[in-house]
Q: 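I'd like to ask some things about the structure below.
In listed order, ligands and their atoms are each counted from 1.
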Amino acid sequence: MDNRSLIDRLKDTHSLEREQWIQLIDTFTDADREYAADTARAVAQGIFGHDIYIRGIIEFSNICRNDCLYCGIRRSNTSAERYRLDEDEIISCCDAGRRMGFMTFVLQCGEDGAYPAQRLAALVQRIKERHPDCAVTLSAGEMEYADYKLLREAGADRYLLRHETASEEHYKRLHPASMSFSHRMKCLEDLRELGFQVGAGMMIGSPYQTSGDLAEDMLFLGRFRPHMIGIGPFIPHKDTPFADMPAGSYELTLFILSLCRIMLPHVLLPATTALGTIRPGGREQGVLAGANVIMPNLSPDEVKKKYMLYDNKICTDESSDKCVRCIDLRLERIGYRPVSARGDYHV
Ligand code: SAH
């Protein structure tokens, strides 16, 4: 079957065989990518119109016990200047975000031992009391079932935990032996069972990734059916073992975004900061390829540069309100509008 027919088939049946995914990934042309983007954009517009959900992301600690080989805030990076915001600082960011129209706050961090589940749960509760009409999304890494349960009971609505790669062999090349593929997958199952809206996802072009690995990612996403999918290109960070590895492909990232939208029409799909980092206007192209979420950075200005997962991350030397205005303009230029709404997952 030719690539266009595969894209049509994905639209009709919402699934493909492993070999078909590999064919698409290995042989797609610019014309195939445009065809997928047109299809994905029509699917997204049919559900969301020209509305883009905005989520304010607050990167509240870059202290991390893990040592993921790709990540700029890995434990072994002694050049990273570490910081941790306290509850009052995080809440001020949410308050400021609410005034700017945000109704989802995404709290992201390294796996910081000083923020165990109990402390995070108390924080979530305070945020939900102040902003009962808003959603709280956590992205705080791997925990145990009882921890996630505490967070859910405290009122957290959503949890982002990219699976990073659905191939165990590949997982082992991206992470130290102390981390386990099966535990990360179990976390995703636990989160779903607890009633979170769950986000999975992966980097495109992470070191050693093959088209077979990426096919496994697509098969996994089709099976697991997450509510959200976070996808961005891998971008090297100078102080990691992957400093000299090439960045992921911009075109492949856009293509995969479109295929995700076509496979899971209702999924919440951000145009990520990493996509905007490898190419100016990348996030806008992400929206035109089927993304429907943008996550401006609401972290305090002093820490934005310290949450460096990869080199040259954009939006780190602008104040949050300037960043929000910039996104508004960018969306307007392509005929979309940011909406002030929780933007929950609906079928
Ligand atoms: N500690 C949390 C948050 C991790 S940072 C957790 O474990 O989920 C959020 C995401 O950034 C990661 O899941 C990873 O996919 C992405 N990321 C990390 N390093 C990156 C890099 N060098 N290039 C692109 N994306 C990266």
Q: Applying salt bridge (charged side-chain N to carboxylate O under 4.0 Å, His left out), can you list everything that pairs with Asp67, at least two apart in sequence or on another chain?
A: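 Asp67: salt bridge (charged side-chain N to carboxylate O under 4.0 Å, His left out) contacts with Arg74, Arg75.
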Q: In terms of ring plane angle, is the pair His50 and Tyr336 parallel, tilted or perpendicular, where the classes change at 30° and 60°?
A: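 Taking Tyr336 first and then His50, their aromatic rings sit tilted (interplane angle of 30° to 60°).
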Q: Hey, could you give me each pair passing side-chain hydrogen bond (donor to acceptor under 3.5 Å, both in side chains) that has a residue in residues 247-265? Not counting sequence neighbours.
A: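 Matches after skipping sequence neighbours: Arg261-Asn292.
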Q: In a table with atom names and distances, give each donor-acceptor pair under 3.5 Å that connects a side chain of residues 217-237 to protein atoms at least two apart or in another chain.
A:
from, atom 1, to, atom 2, distance (Å)
Asp217, OD1, His163, NE2, 2.9
Asp217, OD1, Ala166, N, 2.7
His227, ND1, Val198, N, 2.9
His237, ND1, Asp239, N, 3.0

Q: Can you find a pair of side-chain heavy atoms, one from Leu331 and one from Ile294, that are under 4.5 Å apart?
A: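 The answer is yes, as the side chains (C-beta and beyond) meet within the 4.5 Å cut-off.
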Q: Find all protein N or O atoms under 3.5 angstrom from an N or O atom of ligand 1 and list the pairs with distances, or write 'none'.
A:
from, atom 1, to, atom 2, distance (Å)
ligand 1, 1 (N), Cys109, O, 3.0
ligand 1, 7 (O), Arg184, NH2, 3.3
ligand 1, 8 (O), Arg184, NH2, 3.2
ligand 1, 13 (O), Glu164, OE2, 2.5
ligand 1, 15 (O), Arg162, NH1, 3.0
ligand 1, 15 (O), Glu164, OE1, 2.7
ligand 1, 15 (O), Glu164, OE2, 3.4
ligand 1, 22 (N), Tyr70, O, 2.9
ligand 1, 22 (N), Ile235, O, 2.7
ligand 1, 22 (N), Leu309, O, 3.4
ligand 1, 23 (N), Ile235, N, 3.0
ligand 1, 23 (N), Ile235, O, 3.3

Q: Side chains of Asn312 and Thr277: do they bring a donor and an acceptor to under 3.5 Å?
A: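 No donor-acceptor contact under 3.5 Å links the two side chains.
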